[in-house]
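Right, one structure below, let's go through it.
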Amino acid sequence: MMSVPAGYPPAAENRTMNATDHIDARPLNDLLAAAAKTRDALGLKHTPTVIRDEAAAFRIAGRAKAGVVMLGDGAYWVVCLADAARLEAAGFEWAPRG
């Protein structure tokens, strides 16, 4: 059983966390702000689409003309290939298909 990070509501302490809970832990506004900050810092063409669910991220990327999934800051990011190259150069990883 994993412990709940400090600063989260006491109700979260009463449940068992699984391996993917770190993706869902942060509020969506924080995840979107991190994506926008990264876009500005790295000069990305588009703001990454922030997705919490791995399967949904790969579905969305599959429907895009040149969409790929990267491991963003606390979530999956769907980005174009040009932005994926910039993110990879900055140390972000491609999301493994699994």
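If you read the sequence from its start, that first residue is 1, and numbering goes on from there. Hydrogens, waters and symmetry mates play no part in the numbers below; they use all other heavy atoms, side chains included. Please read these numbers as outputs of a predicted model, since none were measured by experiment.
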Donor-acceptor contact below 3.5 Å, side chain Asp73 vs main chain Leu31: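 Checked: no pair found.
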To the nearest 0.5 Å, what is the distance between [atom1] on [X] and [atom2] on [Y]?
X     : Y     : atom1 : atom2 : answer
Leu87 : Arg39 : CG    : CZ    : 12.5 Å
Ile60 : Ile51 : CD1   : CD1   : 3.5 Å
Cys80 : Lys45 : SG    : NZ    : 6.0 Å

What pair of heavy atoms forms the shortest contact from Ala84 to Trp94, and how long is it?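 Taking every non-hydrogen atom into account, CB-CH2, 3.8 Å.
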Taking every non-hydrogen atom, the tightest pair across Pro48 and Ala35: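 Residues Pro48 and Ala35, closest heavy atoms: CD-O, 3.7 Å.
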Criterion salt bridge (charged side-chain N to carboxylate O under 4.0 Å, His left out) on Lys37 and Asp40, from CA distance to verdict: CA-CA 5 Å; Lys37 182 178 176 181; Asp40 296 340; over 6 Å; no
May I ask you to test the [X]-[Y] pair for a side-chain heavy-atom distance under 4.5 Å?
X     : Y     : answer
Val79 : Val68 : yes
Leu71 : Phe92 : no
Tyr76 : Met70 : no
Val69 : Arg97 : no

